[in-house]
Number of protein chains: 2
Amino acid sequence: MENLHDEPTKRRLLEVAGRVFAEKGFRAATVREICLAAEANVAAVNYHFGDKHQLYLEAVKHAHRQRIEQFPLPQWPEGTPAAVRLRDFVRTFLARVMHGEGRGWEVQLMLREVLNPTEATAMLVQEYVRPHFELLNSILAELLPESFPLERRRLLAFSVIGQCLHYRVGRPIMQLLLSEEDFRRLQPDLLADHISNVILAALGAAPPLAAEGESP
Amino acid sequence: MENLHDEPTKRRLLEVAGRVFAEKGFRAATVREICLAAEANVAAVNYHFGDKHQLYLEAVKHAHRQRIEQFPLPQWPEGTPAAVRLRDFVRTFLARVMHGEGRGWEVQLMLREVLNPTEATAMLVQEYVRPHFELLNSILAELLPESFPLERRRLLAFSVIGQCLHYRVGRPIMQLLLSEEDFRRLQPDLLADHISNVILAALGAAPPLAAEGESP
DNA sequence: AATTGAGTTAAACAATTGATTGATACGCGC
DNA sequence: GCGCGTATCAATCAATTGTTTAACTCAATT
């Protein structure tokens with residue numbers, strides 16, 4: 001009969017809880033609201049997850065894993081230039097962060113975790129952030145001389161991440177700041193090119209942005 | 001309506017409310033907790049501000065105004081080079097955003113507003129974000145050729161803001177990512193120089209970062 | 001057929017919350 | 001003193017919240 005109930009209640013709760021927690025935060029979200037949206041009984045949360053907080057942790061894990069699978073990094077053939085891999089990295093990261101106006105709740109859930117760290121934050125860093133951060137650093141290392149200090153290379157990595165994340169964190173601000181037309185133009189691919197160009201130009205691996213009419 | 005002598009409690013309430021709202025968010029913060037910390041009666045909030053939500057709006061305004069006064073932009077003498085003004089802008093913005101581990105609650109309050117826009121957000125953009133965004137754009141315009149498209153110039157402005165904000169938004173992540181020693185090294189002045197250098201190098205107004213032993 | 005046990009349900013619980021009330025004290029001009 | 005408005009207080013209200021409980025369903029197992 002009801003298609004929704006073909007999926008086990010526990011899974012439905014996880015999905016719905018992720019969305020609601022992302023939208024309203026842990027405290028503001030009520031188990032009643034979640035259970036209503038998941039078409040489950042109010043007691044379902046406590047039965048399947050113990051309590052509200054445990055449901056939250058599971059929802060964060062669930063969302064995070066789902067997002068990685070959704071936008072995997074490309075497999076680079078041996079010898080792919082570092083500049084290309086940087087572009088791909090930025091493109092993938094931006095896609096993960098920006099894709100889906102309504103379906104991007106996974107990212108918002110993680111952003112909440114960042115702004116208000118809980119137990120889940122450390123897991124998120126260890127499992128998700130650190131590997132990507134080190135990959136980005138290894139790419140940058142190939143674009144920089146051996147003598148370039150590790151400390152400054154890390155700052156460059158932060159410059160990449162910071163620019164990317166800003167299009168998610170600052171999105172509501174941009175929407176109020178720009179005309180509807182200009183705001184709509186901020187598409188992931190365009191922004192990925194821009195960010196890559198800024199970094200590559202800053203490194204000297206591409207011509208400066210200010211240079212205009214120069215072509216080979 | 002309100003006498004000048006009944007300021008103390010109302011002012012105390014504003015200060016404390018800002019801190020608590022920043023720390024726990026609107027919903028999780030309780031008027032009881034705020035009043036207790038402000039050494040005021042539970043009814044004080046409703047008496048002075050009408051209700052909890054109104055107190056929140058006033059607290060946001062208060063925090064935002066206080067932060068601008070605390071770190072004003074320098075007065076540039078006529079003819080100050082655009083590169084210098086860009087550096088100053090980044091430095092000031094970073095200081096506003098990063099300064100004070102425990103006293104930076106004003107920024108956290110605004111970040112919450114960004115992640116979860118309410119009525120106060122539009123006011124914040126109109127009164128605070130837009131003027132600074134246009135100032136930054138005018139500085140960048142001087143560093144770019146006339147023909148440089150406005151759209152791409154705005155992206156550059158976002159690159160500046162994004163890098164700066166990341167050291168506030170991503171701070172908890174960085175603390176988990178870096179060693180305690182490396183994390184402590186992330187001081188505003190150092191970061192301001194880095195960000196300015198990245199942007200100026202990308203524009204061609206400064207030598208590329210990868211260039212090492214080059215000096216005039 | 002009887003039993004078991006996981007899953008679901010409605011009802012209720014205790015605690016917390018924002019908001020209201022009525023009383024009281026204080027300061028002021030008259 | 002008297003009247004009047006402001007501010008604070010303890011007590012309380014009505015609503016919401018997370019959680020618990022006990023009864024019920026139903027398919028698989030014995």
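From a predicted model like this one, the values you see are computed outputs, not experimental measurements. Reminder, nothing fancy here: chain letters follow the sequence lines and each chain counts from 1.
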Fill in: Beyond-backbone contact of B:E33 with B:K24, side-chain heavy atoms, under 4.5 angstrom
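Answer yes - side chains close enough.
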
Practice prompt. For residues B:R112 and A:N116, determine if any side-chain heavy atom of one lies less than 4.5 Å from a side-chain heavy atom of the other.
Written response: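 B:R112 vs A:N116: side chains touch.
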
Worksheet item: Who passes salt bridge (charged side-chain N to carboxylate O under 4.0 Å, His left out) against B:E181, sequence neighbours left out?
Response: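 Here the qualifying residues are B:R185.
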
Item to complete: For A:E23, check salt bridge (charged side-chain N to carboxylate O under 4.0 Å, His left out) against everything at least two apart and list the hits.
Response: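 Residues passing salt bridge (charged side-chain N to carboxylate O under 4.0 Å, His left out) with A:E23: none at all.
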
Discussion item. Would you call the rings of B:F93 and B:F89 parallel, tilted or perpendicular, taking 30° and 60° as the class edges?
Written reply: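 Rings of B:F93 and B:F89: parallel, under 30°.
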
Item to complete: Can you label the angle between the B:F21 ring and the B:F26 ring as parallel, tilted or perpendicular, going by 30° and 60°?
Response: parallel

Item to complete: Identify whether any heavy atom of B:A44 sits under 4.0 Å from a base atom; if not, whether one sits that close to sugar-phosphate; answer base, sugar-phosphate or nothing.
Response: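 Nothing: the residue B:A44, judged by heavy atoms under 4.0 Å, touches no strand.
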
Fill in: Working for side-chain hydrogen bond (donor to acceptor under 3.5 Å, both in side chains), residues B:T9 and B:R12
CA-CA 5 Å; B:T9 34; B:R12 257 181 303 141; 4.6 Å; no

Worksheet item: In residues 23-32 of chain A, what residues come within less than 4.0 Å of DNA chain D, judged by heavy atoms?
Response: A:A29, A:T30, A:V31, A:R32

[X] [atom1] to [N] [atom2], straight-line distance once rounded to whole Å:
| X | N | atom1 | atom2 | value |
| --- | --- | --- | --- | --- |
| B:E33 | C:dT17 | CD | P | 9 Å |
| A:D51 | D:dT20 | CG | P | 8 Å |
| A:Y47 | C:dG5 | OH | P | 12 Å |
| A:Q54 | D:dG18 | CD | P | 16 Å |
| A:Y56 | D:dT17 | OH | P | 19 Å |
| A:K10 | C:dA6 | NZ | P | 13 Å |

Worksheet item: How far does the helix from C:dA1-D:dT30 to C:dC30-D:dG1 bend, going by the axes of its first and last five pairs, to the nearest 10°?
Response: 10°

Practice prompt. Check whether any side-chain N or O of A:N41 sits under 4.0 Å from OP1 or OP2 of C:dA10, and answer yes or no.
Written response: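 Yes, within the criterion.
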
Worksheet item: Hey, is the side chain of B:H48 poking within less than 4.0 Å of OP1 or OP2 on D:dT8, counting only N and O atoms?
Response: yes

Practice prompt. Choose from D:dT20, D:dT8, D:dC9 the nucleotide whose nearest atom is closest to any side-chain atom of A:N46.
Written response: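 In terms of side-chain proximity for A:N46, the closest of D:dT20, D:dT8, D:dC9 is D:dT20.
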
Discussion item. Taking the minimum atom-to-atom distance to the side chain of A:K52, which one of D:dG18, C:dG7, C:dT21 wins?
Written reply: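 When the side chain of A:K52 is considered, D:dG18 is the closest of D:dG18, C:dG7, C:dT21.
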
Worksheet item: Excluding sequence neighbours, so at least two apart, what forms side-chain contact (heavy atoms from CB on, under 4.5 Å) with A:Y47?
Response: none

Worksheet entry | Sequence neighbours excluded, every pair satisfying side-chain hydrogen bond (donor to acceptor under 3.5 Å, both in side chains) that has a member inside residues 134-143 of chain A | A:R85-A:E142

